[in-house]
Each structure stands twice: as C-alpha cells, then as structure tokens.
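Take a look at the structure below.
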Amino acid sequence: MRYWLIKSEPDVYGIDDLARDSTTPWTGVRNYQARNFMRDQMKPGDQAFYYHSNCETPGIVGIAEVSRAAYPDATQFDPRSKYYDDKSTTENPRWLHVDFRFVRKTPLISLDELRRHQPLAGMRVLARGNRLSITPVDPDEWKYILGLMKK
DNA sequence: GCCAACGTTGGC
DNA sequence: GCCAACGTTGGC
C-alpha cells in the first residue's frame with residue numbers, strides 16, 4: 001500500500017465536496033507524471049492526504065483513499081469539456097484517473113507548518129517550484145504528519 | 001494580481 | 001532533437 005498527496009483547489013473541488021459526494025472520479029489530470037502515478041502505482045486502498053492549493057492557507061485538510069484503480073478519463077472525449085483532447089482515442093486513451101473515497105477531515109496542516117519540520121524536508125510537495133498535483137509520500141512522512149494532527 | 005518555475009508545443 | 005515561445009500552476 002502506498003501513500004500520496006493530492007492537490008485540489010477548494011474553490012473547484014475541496015474536501016467538503018468530497019465529504020458530500022463520498023467518492024469522486026479524479027478526472028481532468030493532464031500531466032504525464034501525475035497520470036503515470038495513477039496508472040502504474042495507485043491501488044485501491046492507497047491513502048492520500050488531501051491538500052488545498054491556490055487558497056488563503058494552502059495545506060493538508062483531510063484524508064482520502066483510492067477506491068478504484070485507473071480507468072480512461074471520459075472528459076478527454078467530450079468536445080465541450082475543457083479537458084477535451086482531440087489527439088486521444090477510445091482505442092488508445094491518453095488520460096486515465098482513479099476514484100477517491102472520502103476518509104475524514106483533519107486539522108489543517110499548513111504548507112508553512114510542513115516546511116517547519118526537518119523530517120518532512122524531502123517531501124516532493126515542498127520542493128521548490130513543484131507543480132505536480134499528485135506526489136508520493138513516504139510511509140515515515142505519512143506517520144509523522146499523522147502525529148502532527150494529534151497535537 | 002504578480003510572477004517564478006515548470007511542462008508542453010512546434011518551427012526549424 | 002533543440003530550444004524559444006507559450007500556457008499553467010500556485011505561493012505570495
């Protein structure tokens with residue numbers, strides 16, 4: 001089982017939206033690295049920190065888990081979708097995604113706070129200029145952050 | 001709203 | 001296959 005961090009803008013689809021919907025298809029990912037993580041590594045049961053980006057206080061706000069392994073993203077075939085990709089075909093779909101299930105909300109662990117902890121210094125999401133919307137989290141980092149949430 | 005950092009595109 | 005131009009991300 002693996003651990004992840006997934007970013008989402010609360011104005012677009014935040015943790016409360018996931019809590020309301022219970023599960024959601026993680027569509028619209030148009031970055032090859034992020035797609036490859038979903039396609040090649042994510043398995044049902046994998047756990048993910050839910051991270052709010054592009055907002056007043058960016059940071060981790062909850063936990064989700066993979067509820068379905070990767071399958072083709074329907075939005076790439078819809079000409080009216082902003083995620084439409086005219087180079088993708090149903091025979092050979094370019095974009096895949098998993099489904100996520102809501103697990104729970106957590107106390108906010110802000111980006112600022114994450115940066116303050118030496119054991120988390122290697123986290124991909126903290127790397128300078130990082131823009132990847134899906135990044136792996138080490139088990140040790142996962143445990144450490146869970147510990148921060150209990151304080 | 002600014003802008004640095006980064007990924008992608010496309011001309012050559 | 002290089003790389004300049006462009007578009008997007010996301011913290012601030």
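Since we're looking at a predicted model, the values are computed, not measured. To find a chain, count down the sequence lines: A is the first, B the second, and so on, and within it residues start at 1.
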Apply ring pair (Phe, Tyr, Trp, His ring centres under 6.0 Å) to A:Phe102 and list each qualifying residue two or more places apart in sequence or on a separate chain.
none
5' to 3' contact window, DNA chain B with chain A (heavy-atom distance under 4.0 Å)
B:dA5 to B:dT8
Could you pull out all residues at least two apart from A:Arg94 that satisfy side chain to side chain contact (heavy atoms under 4.5 Å, CB included)?
A:Tyr32, A:Arg35, A:Gln76, A:Asp85, A:Lys87, A:Ser88
Apply side chain to side chain contact (heavy atoms under 4.5 Å, CB included) to A:Asp78 and list each qualifying residue two or more places apart in sequence or on a separate chain.
A:Arg80, A:Ser81
Pairs in or reaching into residues 61-92 of chain A: which pass ring pair (Phe, Tyr, Trp, His ring centres under 6.0 Å), with residues at least two apart or in two chains?
A:Tyr71-A:His97
Partners of A:Thr23 by side chain to side chain contact (heavy atoms under 4.5 Å, CB included), sequence neighbours excluded?
A:Ser67, A:Arg101
My understanding is that only residues two or more places apart in sequence, or in another chain, count here; which of them pass salt bridge (charged side-chain N to carboxylate O under 4.0 Å, His left out) with A:Arg39?
none
Which residues pass the side chain to side chain contact (heavy atoms under 4.5 Å, CB included) test with A:Leu5, not counting sequence neighbours?
A:Lys7, A:Phe49, A:Tyr51, A:Ile60, A:Met123, A:Val125, A:Thr135, A:Val137
Rounding to 10°, can you tell me the angle the first-five-pair axis of the helix from B:dG1-C:dC12 to B:dC12-C:dG1 makes with its last-five-pair axis?
10°
Residues in side-chain hydrogen bond (donor to acceptor under 3.5 Å, both in side chains) with A:Tyr144, at least two apart?
A:His117
Nearest 0.5 Å, please: how far is CH2 in A:Trp4 from CE in A:Met42?
5.0 Å
Can you work out whether A:Asn54 or A:Gln33 has the more 5'-proximal nearest nucleotide on DNA chain B?
A:Asn54
Output the residues of residues 125-138 of chain A in contact with DNA chain B, where contact means a heavy atom of the residue under 4.0 Å from an atom of the strand; sort by number or write none.
A:Arg128, A:Gly129, A:Arg131
Closest-nucleotide mapping onto DNA chain B: is A:Asn31 or A:Lys87 further toward the 5' terminus? I mean the 5' end.
A:Asn31
Distance-only criterion, 3.5 Å: show the donor-acceptor pairs between side-chain atoms of residues 126-134 of chain A and protein atoms not counting sequence neighbours.
from, atom 1, to, atom 2, distance (Å)
A:Asn130, OD1, A:Leu132, N, 3.3

